[in-house]
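Below: the structure, in structure tokens.
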Amino acid sequence: MTVGLETHVELKTDTKIFCSCSTAFGGEANTRLCPVCMGLPGALPRLNKAVVEFGVKAGLALNCKISEISYMDRKNYSYPDLPKAYQISQFDVPLCQDGFLTLSSGKKIGIARIHIEEDAGKLIHRDGEILIDYNRAGVPLIEIVSEPHIESVEEAKEFVEKLRLIMRYIGVSDCKMQEGSMRCDVNVSVSETDELGTRCEIKNMNSIANMAKAIEYEANRQQELLKKGQTVLQETLGFDEKSGKTYPMRTKEDADDYRFFREPDLPGVHISLEEIENIRKTLPELFDAKLNRYINDLGLEKRDAALILKYPKVAEFFEKASTGVKAPQKAANLILGVIFAFLKTESQKEEFKLIISPENLKELVLMVESEKVSNHKAKELLEKMLSEGEGVLAQDIKALDDSELDALCYKAIEENPKVVSDYKGGKEKAIMALVGAVMRASKGRADAEKAKAKLIDILK
Ligand code: ZN
Ligand code: MN
């Protein structure tokens with residue numbers, strides 16, 4: 001089995017690719033439009049600079065060569081969601097080429113190209129009618145085309161998951177598959193020889209789980225055909241979630257069918273080496289670098305590092321909670337053991353909304369490290385903190401246990417004979433000097449009322 005992926009990623013620029021309409025998701029249908037994104041006669045497109053920058057960032061993060069000059073082209077096809085009857089895309093000279101993404105096995109999956117293009121509108125099927133919302137028309141996309149280097153469902157899943165994280169960490173897209181801001185087309189072929197078999201393209205996979213099912217089904221289908229001595233037709237397929245089967249949509253169009261030609265209303269996209277270097281400087285720590293740092297510098301278990309990095313907000317929380325602690329793994333254990341049990345669903349982990357701060361967790365970890373609380377006790381306290389807030393730490397951890405308080409009270413009495421004799425001589429207020437001594441010795445962890453009661457009791 002050989003798989004190649006074409007992934008469309010919606011860029012989170014503020015405005016569309018060729019006009020200044022908003023790219024915000026949703027909104028009342030057909031309210032984020034203008035003559036340019038509606039393709040009205042005479043309206044002229046102007047390329048959004050941020051789209052090029054985001055595209056370059058994506059290319060650099062995927063080890064691509066960036067073209068100092070690339071071109072916009074018209075891809076002609078007629079469909080109601082495409083108001084101009086052509087999509088402005090890039091054909092023979094894309095913005096980025098020849099990169100790769102490394103899987104955890106070390107295997108490199110080639111990235112043939114990344115080009116920038118505009119999204120189409122959305123068809124809404126309702127009560128037997130088809131409605132069209134053009135708000136999405138003109139929203140910027142990058143299309144990331146992999147080489148056919150993927151050879152199993154597992155590799156395909158890892159590729160998409162990692163691609164998604166890479167894009168999210170560099171901040172070019174939210175990559176929400178359920179909202180359509182990341183969509184995959186999958187090319188699948190099977191062959192008994194080294195030569196590639198005829199491929200079928202499955203369109204618009206909207207989740208990694210569905211993609212995996214579709215690849216599995218399609219590879220089996222093609223294998224069965226070949227076993228029977230039949231041939232695989234080059235087709236474009238859809239995937240039916242309910243039946244778990246692929247079905248033919250149309251026979252595959254060739255590039256010729258799109259009648260590509262240069263977009264006459266836009267000049268070539270020039271970007272200098274200096275500009276490319278400046279963009280490189282704005283890149284945050286890349287996903288692989290982060291993963292390596294977690295494992296090699298912070299000493300996390302591989303599996304734990306990957307789990308934390310799966311959710312950017314968890315990673316951010318972890319980094320804050322573990323700076324300055326001796327063993328970041330302890331913070332990781334508490335996050336993965338206790339907090340992940342508390343935030344059960346994927347979307348809860350994704351949002352990672354907690355009533356405690358990373359600093360609170362750090363305080364807890366430091367207490368474990370200074371042996372003020374045991375690992376076991378720390379888990380219990382964290383569980384309580386997640387529903388009751390950081391106050392739990394102050395009440396529970398900071399409070400001394402009774403034997404510790406006893407010892408500090410006796411010590412205060414021993415070290416302050418003058419105060420003790422004043423108190424015994426009837427100066428009741430003198431007891432406060434002893435309470436103060438206990439508070440100082442406990443570094444504020446003692447409860448003043450409890451200490452006072454204890455001192456009075458001892459001095460009776
Ligand atoms: Zn517009
Ligand atoms: Mn495309």
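Just so you know, ligand 1 is whichever comes first in the structure, and atom 1 is the first atom listed for that ligand. For clarity, every value in this text was computed on a predicted model and none was experimentally measured.
Glu117 contributes OE2 as its N, O or S atom closest to the Mn ion (ligand 2).
Backbone or side-chain N, O or S atoms of Glu143 reach the Mn ion (ligand 2) at under 2.8 Å. Coordination check, His115 versus the Mn ion (ligand 2): failed, since every N/O/S atom of the residue sits at 2.8 Å or beyond.
The stretch residues 211-249 participates, sequence neighbours left out, in no ring pair (Phe, Tyr, Trp, His ring centres under 6.0 Å) pair at all. For residues 114-150, no pair satisfies ring pair (Phe, Tyr, Trp, His ring centres under 6.0 Å), with sequence neighbours left out. Listed by first and then second residue, the ring pair (Phe, Tyr, Trp, His ring centres under 6.0 Å) pairs involving residues 339-385 are Tyr311-Phe340, Phe317-Phe352 (not counting sequence neighbours).
When only modelled atom types and interatomic distance are considered, Thr102 and Asp288 share no side-chain donor-acceptor pair under 3.5 Å.
Thr246 is not listed as a side-chain neighbour of Cys200, based on a closest heavy-atom distance of 4.5 Å or more.
Results of the salt bridge (charged side-chain N to carboxylate O under 4.0 Å, His left out) test with Lys310 over Glu161, Glu346, Glu158 single out Glu346 as the only residue that passes.
Taking distances strictly below 2.8 Å, the protein N/O/S atoms close to the Zn ion (ligand 1) are Cys19 SG, Cys21 SG, Cys34 SG, Cys37 SG.
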Using side-chain contact (heavy atoms from CB on, under 4.5 Å), reason through Cys64 and Ile114 one step at a time and then give a plain yes or no. CA-CA 8 Å; Cys64 290; Ile114 302 175; 4.0 Å; yes
